[in-house]
Number of protein chains: 2
Amino acid sequence: MSAAGHSHDHAHDHAHGHSCKAEPAAILARAEELCRERAVQFTALRREVLDAVVASEKPPGAYDIAERLSRPGRRVAPVSVYRALDFLMELGLVHRIASRNAFVPCAHAHGASENVVFLICRTCGGIDETTSPEVESGLGKTLKRAGFTPAHSILEVEGDCGACRDKARRA
Amino acid sequence: MSAAGHSHDHAHDHAHGHSCKAEPAAILARAEELCRERAVQFTALRREVLDAVVASEKPPGAYDIAERLSRPGRRVAPVSVYRALDFLMELGLVHRIASRNAFVPCAHAHGASENVVFLICRTCGGIDETTSPEVESGLGKTLKRAGFTPAHSILEVEGDCGACRDKARRA
DNA sequence: GCCGGAAGTGATACACTGTAACAAAGCCGC
DNA sequence: GCGGCTTTGTTACAGTGTATCACTTCCGGC
């Protein structure tokens with residue numbers, strides 16, 4: 001599914017109907033812009049961690065990223081990765097998948113709503129991100145009914161993505 | 001909030017409007033019934049773990065439970081607790097809160113829908129459980145639109161529960 | 001009652017995930 | 001250049017969850 005990176009990057013080569021992942025270049029550009037706006041540093045390490053999250057086939061864990069960035073002569077410790085990830089999450093460029101201890105690049109440029117649904121394919125392991133006004137409004141009603149004031153929420157659905165279902169049917 | 005156990009147990013002493021937690025005795029009874037139905041063993045350890053989850057002020061982690069059940073002369077290893085928790089989750093008697101690595105007793109007798117919303121109070125640490133037909137139907141639409149077949153989903157909202165908000169306002 | 005397989009538990013070790021604390025290096029304004 | 005801040009490196013450690021194997025308990029059939 002969309003977690004698989006496009007090795008070539010013309011702007012829109014996907015014809016599938018579901019939500020799609022932003023191009024790596026676009027994410028990079030957004031990161032630089034955000035950092036300029038907020039006057040924070042977009043350092044080499046932070047860029048590399050973001051790159052790693054974007055480029056991974058499947059959403060990586062922090063230790064996967066650390067390993068990926070390490071090479072003979074340069075070791076990147078997990079703690080450094082965690083710090084970079086915290087930074088990137090603060091900016092909304094990366095999301096954490098609580099049910100998997102994994103990280104995904106933010107597929108939308110949603111400066112606003114911050115209310116997303118993660119679709120986790122149990123076959124291919126890919127994670128897609130989408131929004132849902134219906135869920136958002138329904139949840140609002142429910143929370144009001146319960147007398148609960150939300151700060152933020154996570155919604156993660158595990159199942160089978162369209163691509164894997166098709167693949168299974170053909171087999 | 002409802003995570004605080006009632007030390008005395010008349011059936012319905014709560015006058016609050018939000019969803020409420022089942023009485024310990026009721027959960028116990030449900031557990032025994034379920035085990036009889038499915039012809040599986042409701043052993044002493046499993047009962048104790050369930051008790052611990054039900055009786056805890058705040059949703060405990062597996063290690064908390066292990067510690068609670070251990071005493072001089074009898075040590076319960078975390079691995080045993082995990083096995084019991086897996087068993088109880090299989091039966092739907094306990095839920096895992098992914099964003100907290102904690103466990104809560106299932107507040108409903110929802111043999112069916114299996115679609116619940118967890119309300120996590122960041123002040124008191126209590127976790128309430130409720131259902132939301134609105135969210136359920138909205139999510140169904142969204143998933144269909146995305147071509148995604150769900151197996152199960154988690155929805156966890158962090159914020160402030162009514163009780164804590166009132167307390168803060170009075171202060 | 002006994003026996004044999006299945007299920008459950010104990011115990012140890014280990015892998016994975018995340019954080020604390022402090023030192024060293026880099027950036028920036030003055 | 002100096003002094004303060006942010007970032008990174010390094011080490012150690014806490015917390016969470018699993019693999020493995022041995023031992024016990026349970027349960028159905030004889």
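A quick note: this is a predicted structure, and the numbers were derived from the prediction, not measured.
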Taking the nucleotide of DNA chain D with the nearest heavy atom to each, does A:Phe87 or A:Val79 sit closer to the 5' end?
A:Phe87

Residue mapping more 5' on DNA chain C - nearest nucleotide basis, B:Ala77 or B:Val40:
B:Val40

So which nucleotide from C:dT12, C:dG18, D:dT7 ends up closest to the side chain of A:Tyr82?
C:dG18

For A:Val76, report the nucleic acid contact type (base, sugar-phosphate, nothing); a contact means any heavy atom under 4.0 Å.
nothing

Picking from C:dT17, D:dT16, D:dG9, which would you name as closest to the side chain of A:Asn101?
C:dT17

Pair B:Arg74 + B:Glu48, salt bridge at N-O below 4.0 Å
yes

When you measure from the side chain of A:Leu45, which nucleotide among D:dT6, D:dG9, D:dG17 comes out closest?
D:dG9

Spacing of A:Asp64 atom CG relative to C:dC16 atom C1', expressed in whole Å
10 Å

Length of the CZ-P vector between A:Arg38 and D:dT6, whole Å
16 Å

Picking from D:dT7, C:dT9, D:dC26, which would you name as closest to the side chain of B:Gln41?
D:dC26

D:dT8 P sits how many Å from A:Leu85 CG, rounded?
12 Å

Donor-acceptor contact present, side-chain B:Ser80 to main-chain B:Val76, <3.5 Å
no

Any donor-acceptor pair under 3.5 Å joining the side chain of A:Arg83 to the base of D:dG9?
yes

Nearest to the A:Ser80 side chain among D:dT18, D:dT8, D:dG17, which nucleotide is it?
D:dT8

What is the distance, to the nearest angstrom, from the CD atom on B:Glu90 to the P atom on C:dA7?
14 Å

Spacing of B:Ile97 atom CD1 relative to D:dG15 atom C1', expressed in whole Å:
18 Å

Using atom CZ of B:Arg47 as one end and atom P of C:dG8 as the other, report the distance to the nearest whole Å.
15 Å

Measure CZ/B:Phe42 against C1'/C:dT9 and give the value in whole Å, please.
16 Å

State whether the side chain of A:Lys58 and the backbone N or O of A:Cys124 hold a donor-acceptor pair below 3.5 Å, judged by distance alone.
yes

Grab the CG-C1' distance between A:Asp86 and D:dT6 for me, whole Å please.
15 Å

May I ask you to say whether A:Glu156 pairs ionically with A:Arg96, meaning some side-chain N is under 4.0 Å from a carboxylate O?
no

So do B:Phe87 and B:Val94 actually touch side chain to side chain, heavy atoms under 4.5 Å?
no

B:Tyr63 vs B:Ala44, nearer the 5' end of DNA chain C by closest nucleotide
B:Ala44

